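Bear in mind that the values here come from a model prediction, so they are computed numbers and not experimental data. When reading the values below, keep in mind they use all heavy atoms of this one structure, side chains included, and skip hydrogens, waters and symmetry mates. Below, chains carry the letters A, B, ... as their sequence lines are ordered, and counting in each starts from 1.
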Amino acid sequence: MSKLLENGTAALKSVRTGDTIMVGGFGLIGAPLTLIDALTEKDVKDLTIISNNLGEKGKGLGILLGQKKIKKGIGSYFTSNRDVGDAYRRGEIKLELLPQGTLSESIRAGGAGIGGYYTKTGVGTELAKNKEEREINGELYIFEPAIRANVALIRAWKADTLGNLVYYKTARNFNPVMATAADVVIAEVDKIVEPGELSPEEIVTPHLFVDGILLATKILTNEGVVTHG
Amino acid sequence: MSKLLENGTAALKSVRTGDTIMVGGFGLIGAPLTLIDALTEKDVKDLTIISNNLGEKGKGLGILLGQKKIKKGIGSYFTSNRDVGDAYRRGEIKLELLPQGTLSESIRAGGAGIGGYYTKTGVGTELAKNKEEREINGELYIFEPAIRANVALIRAWKADTLGNLVYYKTARNFNPVMATAADVVIAEVDKIVEPGELSPEEIVTPHLFVDGILLATKILTNEGVVTHG
Amino acid sequence: MANEIQESIASRAAKELNGPCVVNLGIGIPTLVAKYIDDQQVYFHTENGLLGVTDVDEEHQDPNLVNAGKLPVGETLGASFFNSAESFGMIRGGHVDVAILGVLQMDQTGKIANWAVPGKNIMGVGGAMDLLVGAKKVIITTTHTAKDGSSKLLKECTFPITSTRIVDMIITELAVFEVKEKQLELVELMPGATLDEVREKTEAVFSVSLKQDHLEEGI
Amino acid sequence: MANEIQESIASRAAKELNGPCVVNLGIGIPTLVAKYIDDQQVYFHTENGLLGVTDVDEEHQDPNLVNAGKLPVGETLGASFFNSAESFGMIRGGHVDVAILGVLQMDQTGKIANWAVPGKNIMGVGGAMDLLVGAKKVIITTTHTAKDGSSKLLKECTFPITSTRIVDMIITELAVFEVKEKQLELVELMPGATLDEVREKTEAVFSVSLKQDHLEEGI
C-alpha cells in the first residue's frame with residue numbers, strides 16, 4: 001500500500017462538505033499551494049479552515065474564501081487578507097481568533113492526546129472573554145481546549161516513500177504540528193526519496209503521522225506562485 | 001562569554017542543597033554520567049531528582065541515592081534500581097510516581113509556559129487519586145501540573161560552541177524536554193564543534209535553552225561505564 | 001531464554017499484525033512477537049524514542065540504541081528518533097495502531113492490571129498507562145495462569161488496574177479471547193488445549209464462539 | 001522606507017541590547033533595530049520559527065526564509081529552525097530575553113494596546129500576546145503621538161490591551177521612559193527634545209528622573 005498520490009484530486013478524496021481542515025503555512029510560506037488549488041476545484045462547501053491566515057487577497061486560501069466555501073476560519077492573523085474582513089462584515093464567514101502561540105499549542109495538544117491546557121497568553125484581554133481562568137502557583141492562566149481536524153493539508157520539503165518528512169527553513173512553521181492533529185494527513189513535497197535517504201536523526205515528522213504524499217506543482221518563488229509539472 | 005565548562009565542578013557551580021534537579025536519561029542510556037559523577041562529589045543534600053529512573057543499583061543516580069543526598073524522586077520507573085525500594089521502605093526517600101508520558105509532558109509544559117494540562121492517561125487508576133477530573137468532549141481527563149527545576153543536567157551527542165545540541169539515537173529520550181524546563185541547563189556532550197557545523201534543520205535543542213557545555217568523560221559502552229580523559 | 005509456552009503465545013499474536021501498521025511491544029512475551037513478523041510494513045515503535053525497531057546481532061549492538069526494556073535493538077531503513085514527550089504524544093494521540101502488552105491480571109470486562117501488586121511498594125509504571133489509553137487496539141499476551149496456578153483471568157482484578165480502557169484481545173497458551181461489549185468471548189483454542197481445560201483454569205465468565213476450523217479439535 | 005524619526009528610535013533601542021541575549025523584534029520600528037547591532041552575541045528570534053535571523057541582500061533572498069513580518073531574511077552561522085509550537089514554547093516559557101514591540105497606545109501603568117482598534121473588526125493578533133507574557137524584558141518603540149497628533153501615552157488605553165503585563169521601557173522620538181512599580185519615569189530626553197515638549201505631548205502622568213548627562217540639554 002503506497003502513500004504516493006497521483007494528483008490533487010486523489011489527495012483530497014476524503015475531504016467532504018462540512019469538514020474541518022487544517023492548512024499549514026505562515027501566509028503563503030509553507031502553505032500547501034497545490035493541495036489548496038485542488039480544494040478550490042473540488043465541489044465542497046461549509047468548510048472550517050484552521051490556518052494561521054486565510055491566505056492573501058486572491059492567493060492560496062484567499063481563492064477558497066472568494067468561492068464562499070469557508071464557513072468558519074480559526075487562525076491568528078486574518079489581517080493579511082483584506083477580503084476576510086469584508087466577508088466577515090457581510091456575514092459570510094465566522095471567525096475565531098487565537099493568539100498564534102495558542103493556535104499552535106492547541107493543535108499540538110490535539111495531536112498529542114491532551115484535552116486542553118492552561119496558558120498565560122491572553123489573560124485579562126478581550127480574547128480571554130468567557131474563558132475559564134485558573135490560578136496556578138500564584139499566576140493566572142486561561143484554559144484552552146485542544147484542536148483537531150478531519151483532514152490536514154501540509155507542506156514539507158522532502159518525503160521518503162514511507163511518509164517521513166523534513167521541512168525547509170521557515171516553511172516549516174505550523175506544518176509539523178498539523179501533521180499530528182487530523183484523522184487524515186496529506187503532505188505536498190518538493191521531492192520524494194527512498195527510505196534511508198533521510199537521516200533518522202533529522203526526520204521531523206515520522207511516517208506514522210502521514211497518510212498521503214503528493215509532489216507539489218504550485219511553487220512559491222521570489223516572483224510569486226508558479227506552476228510546474 | 002563562553003558556555004564551555006572546564007570540568008564537573010565548574011558545571012555544577014549553581015547547584016545548591018535543597019535544589020530540584022532534572023537528570024536526563026532512560027536508565028543509563030542518555031544519562032549525563034559525568035555530571036552525575038560530579039554531583040556525587042559535591043557537598044549538597046536534600047535534592048529533589050526528576051528523572052525517569054534513579055539509575056541502576058550503584059550506577060548513575062544510584063550512587064547519589066546511596067549517599068542519601070536525594071530527598072525525593074519524581075519519575076516513572078524506580079523499579080530499575082532495587083535500592084530505591086529499600087530506601088523508600090526505610091523512609092529515607094519520598095517518591096512521586098508518574099506515568100512516563102505524563103512525566104515527559106509535564107516537563108515539556110514547564111518549559112513551554114503551560115501551567116498544566118489534561119491527560120487521559122491514568123484516569124480511574126490509583127495514580128489519579130486526589131487528582132482533578134474533567135470531562136472534555138465526552139471523555140474523562142485528569143489535570144497534571146507543569147514541572148520545572150532549578151537545574152537540568154542533560155546528555156547530548158554534539159554541541160556547537162553557541163550551545164546548539166543534537167542527540168544520538170535513543171540516548172535522546174528525556175534530554176531535549178529537560179533542556180527547556182530548568183533555570184540553568186548544563187549539557188554534557190561527546191563532541192564540541194564550531195557554529196555552522198550542525199545543520200540548522202537538524203538542531204534539536206537551539207542554543208537559547210543551554211547555559212553550559214561540558215565534554216563527557218564517563219561514557220556508556222557495551223562493556224559498561226568507562227572513564228575517558 | 002523464552003520457553004515454548006511464551007513462544008507459542010507470541011507466534012499466535014504475530015498473526016494479528018497485518019501491515020501497514022505501527023506496533024508497540026511491551027516487555028516480556030510481547031517482545032518475542034517481532035521475530036514472527038515478515039511483513040515489511042509492520043513498523044515497531046518503542047516509547048523511549050524510536051520508530052523502526054528491528055533486531056540486532058551481538059556484534060552490532062550499540063549501548064545507546066535500546067528498546068523500552070533496555071535491550072539492544074537495531075534500526076530499520078526509514079527509522080526515526082524522537083524525544084520522550086514526542087513519543088508519548090504519538091501514543092496518547094492515537095498514532096500507534098496496536099500495543100501488545102503483558103498482564104498480571106485481567107477482569108471479565110476486559111480491564112487489565114499490569115503495573116502494581118498490592119502490599120508491595122508501587123515503584124514503577126513506565127509507559128503502561130499511556131499505551132492503554134492511546135493505542136488504537138490493545139492485544140494482551142500472557143500465560144493463562146500465574147506461577148501459583150491461579151487464573152489470571154478473573155471476575156475482578158485484585159491488583160490495581162492500569163486503565164479503565166477495555167482491551168481488544170487476549171492470547172494465552174490455551175485460548176484466544178476477544179472482548180465484545182465488555183464481555184470475554186473465547187474464539188479460538190490454542191493447539192492441544194481443550195475447552196474443559198480453559199474452563200477449569202479461568203475464573204472469569206466468558207462465552208464461547210469458536211471459529212469453524214477450531215470446533216473439531218477443541219470440543 | 002523608514003524615516004528619520006523611526007531610525008532615531010530604533011538606534012536608541014539598539015543601545016539596550018547587550019549580548020549574550022536573545023531578542024525578538026516586532027513589525028515596524030522594532031525591525032529597524034537589528035541594523036544598529038554589531039554585537040555578535042545578540043541573537044534574533046522570529047516566532048515563525050528561526051533563531052539566528054540576519055539581513056539578506058536582494059540577490060540571496062529565499063521565498064521560504066522570512067521573518068514574522070513576512071520580509072525576506074537570512075540565517076546566521078549557528079542558526080536553527082523549529083516549528084510554531086516550539087517557537088511559542090520558547091516565547092511563553094521565558095527563553096527570549098528581550099522583545100521590542102510597537103504600540104497603538106499605552107497607559108501610565110505600563111500596559112500596552114497594540115493589536116486591535118475598537119469599532120473595527122478584530123482580525124489579527126499574531127504573536128503579540130505571547131511575546132508580552134513570555135519575554136523577560138519588553139521594550140516599546142513607538143512614535144510619541146498618533147497620526148492625528150494625540151498622545152500615545154495615555155492615562156488609560158481606549159483600545160483593548162494586549163496583556164496585563166507591564167512593559168519595562170518605552171522609547172519614543174522624544175524621550176525614554178522606564179516603568180517602575182507601575183509608574184512611568186522619564187529617564188532620558190532624545191536629542192533635540194525638551195521636557196516641555198514631552199509634557200505637552202504626553203497625557204500619561206510620569207515622573208522625571210533624568211540621568212546626569214541629560215540634565216543640561218533637557219531642561
Side-chain angles (χ1 to χ4, degrees), chain B residues 24 26-30 52-53 56 75-82 84-85 88-89 95 97-109 111 119-128 140 155 157 167-179 204 219-225, chain C residues 27 46-50 53 58-75 79-94 111-113 115-118 120-134 159-165:
Chain B
F26 184 78
L28 299 183
I29 297 103
N52 191 54
N53 325 81
E56 299 180 7
S76 95
Y77 202 73
F78 300 119
T79 326
S80 60
N81 183 355
R82 191 167 298 188
V84 179
Y88 182 73
R89 270 184 294 277
L95 295 176
L97 191 69
L98 294 171
Q100 201 171 131
T102 300
L103 178 65
S104 54
E105 185 69 13
S106 294
I107 296 167
R108 182 200 171 272
T119 179
K120 277 182 280 191
T121 301
V123 168
T125 72
E126 282 198 14
L127 293 190
L140 283 176
R155 183 71 162 93
W157 181 30
Y167 300 85
Y168 182 81
K169 300 190 189 283
T170 53
R172 187 181 303 202
N173 57 64
F174 285 87
N175 290 297
V177 281
M178 289 182 172
V204 173
I219 314 284
L220 183 66
T221 71
N222 282 325
E223 287 71 43
V225 179
Chain C
I27 297 172
T46 183
E47 62 263 36
N48 52 322
L50 167 59
V53 179
E58 208 167 330
E59 164 183 22
H60 291 95
Q61 285 178 11
D62 183 326
N64 287 306
L65 181 47
V66 300
N67 65 15
K70 297 192 187 106
L71 299 173
V73 295
E75 59 188 273
S80 55
F81 295 100
F82 30 83
N83 73 44
S84 300
E86 290 169 326
S87 187
F88 282 94
M90 292 173 190
I91 291 170
R92 271 192 323 261
K111 286 203 293 285
I112 70 159
W115 70 286
V117 176
K120 294 195 185 179
N121 297 314
I122 292 179
M123 301 299 293
V125 59
M129 291 187 177
D130 300 286
L131 283 160
L132 268 163
V133 300
F159 295 178
I161 58 166
T162 308
S163 172
T164 55
R165 189 246 171 94

Visitor: Quick one, C:F81 and B:T170 - any side-chain contact, counting heavy atoms below 4.5 Å?
Guide: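 Side-chain contact under 4.5 Å: yes.
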Visitor: Can you say whether B:L220 sits under 4.5 Å from chain C via the side chain, the backbone, both, or neither, judging by heavy atoms?
Guide: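 Looking at B:L220, backbone and side chain both touch chain C.
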Visitor: Name the region of C:T162, side chain, backbone, both or neither, that has any atom closer than 4.5 Å to a heavy atom of chain B.
Guide: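 C:T162 touches chain B through backbone heavy atoms alone.
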Visitor: Search all heavy atoms of B:R108 against all heavy atoms of C:A85 and return the closest pair with its distance.
Guide: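 Nearest pair, atom of B:R108 first, then C:A85: CB-CB, 4.3 Å.
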Visitor: Please report the interatomic distance CD(B:Q100) to CG(C:D130), rounded to the nearest 0.5 Å.
Guide: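 Reported to 0.5 Å precision, the distance equals 7.5 Å.
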Visitor: If I measure from the heavy atoms of chain C, does B:S80 come under 4.5 Å with its side chain, its backbone, both, or neither?
Guide: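 For B:S80, the contact with chain C is made by the side chain alone.
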Visitor: Does C:R92 come within less than 4.0 Å of B:E105, counting only side-chain N to carboxylate O?
Guide: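 Yes, charged N to carboxylate O under 4.0 Å.
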Visitor: Can you name the nearest heavy-atom pair linking B:G124 to C:I161, along with the distance?
Guide: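 So the minimum-distance heavy-atom pair works out to O-CD1, 3.6 Å.
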Visitor: What distance do B:K169 atom NZ and C:N48 atom CG have between them, rounded to the nearest 0.5 Å?
Guide: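 Spacing of NZ (B:K169) from CG (C:N48) equals 13.5 Å.
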Visitor: Mind checking the CD-CG spacing from C:E58 to B:N222? Nearest 0.5 Å is all I need.
Guide: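 Atom-to-atom, C:E58:CD and B:N222:CG are 9.0 Å apart.
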Visitor: Looking only at non-hydrogen atoms, find the nearest pair between C:W115 and B:L127 and report the distance.
Guide: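 Scanning both residues, the minimum pair turns out to be CH2-CG, 3.6 Å.
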Visitor: For B:N173 and C:S84, run side-chain hydrogen bond (donor to acceptor under 3.5 Å, both in side chains): C-alpha distance rounded to whole Å, both residues' side-chain angles, the deciding distance at 0.1 Å, then the answer.
Guide: CA-CA 5 Å; B:N173 57 64; C:S84 300; 5.0 Å; no
Visitor: If I measure from the heavy atoms of chain C, does B:F26 come under 4.5 Å with its side chain, its backbone, both, or neither?
Guide: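 Both backbone and side chain.
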Visitor: Atom OG1 in C:T164, atom CG in B:L140: separation rounded to 0.5 Å?
Guide: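 These two atoms lie 7.5 Å from each other.
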Visitor: For C:F82, is the CZ atom crowded, meaning more than 12 foreign heavy atoms sit under 6.0 Å from it?
Guide: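 Enclosed: over 12 neighbouring heavy atoms sit under 6.0 Å from CZ of C:F82.
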Visitor: Given a strict heavy-atom distance threshold of 4.5 Å, which part of B:N53 is in contact with chain C: side chain, backbone, both, or neither?
Guide: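 Answer is side chain: those atoms of B:N53 sit under 4.5 Å from chain C.
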Visitor: Where is the tightest heavy-atom contact between B:G122 and C:M129, given as atom of each residue plus distance?
Guide: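 Heavy atoms of B:G122 and C:M129 come nearest at CA-SD, 3.8 Å.
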Visitor: Tell me, out of B:L28, B:N52, B:L97, who's got the most heavy-atom pairs with chain C below 4.5 Å.
Guide: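 Of B:L28, B:N52, B:L97, B:L97 has the most heavy-atom pairs under 4.5 Å with chain C.
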Visitor: How long is the straight-line distance from CG of C:N64 back to CZ of B:R155, given to the nearest 0.5 Å?
Guide: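 One gets 7.0 Å once the value is rounded to the nearest 0.5 Å.
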Visitor: Working to the nearest 0.5 angstrom, can you tell me the gap between B:S76 OG and C:M123 CE?
Guide: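 Going from OG on B:S76 over to CE on C:M123, the span is 12.0 Å.
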Visitor: Does any heavy atom of chain B fall under 4.5 Å from the side chain of C:D62, the backbone, both, or neither of them?
Guide: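 For C:D62, heavy atoms of backbone and side chain both lie under 4.5 Å from chain B.
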Visitor: C:G126, C:A128, C:S80, C:G49: which one forms the most heavy-atom pairs within less than 4.5 Å of chain B?
Guide: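 Sorted descending by pairs with chain B, the first entry is C:G126.
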Visitor: Report the option among C:P72, C:A68, C:A79 that has the most heavy-atom pairs separated by less than 4.5 Å from atoms of chain B.
Guide: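 Of the options given, most contacts go to C:A68.
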Visitor: Who among B:P99, B:G224, B:G27, B:G85 has the most heavy-atom pairs with chain C under 4.5 Å?
Guide: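 Ranked by contacts with chain C, first place is B:P99.
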Visitor: Measure C:L65 against the heavy atoms of chain B and call it side chain, backbone, both or neither at under 4.5 Å.
Guide: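 Contact with chain B: backbone and side chain both.
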Visitor: Which one wins on heavy-atom pair count under 4.5 Å against chain C: B:L95, B:T221, B:L103, B:L98?
Guide: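 The option with the most such pairs is B:T221.
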Visitor: Counting only heavy atoms not in C:F159, do more than 12 sit closer than 6.0 Å to its CZ atom?
Guide: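 Buried by this count: over 12 neighbours within 6.0 Å.
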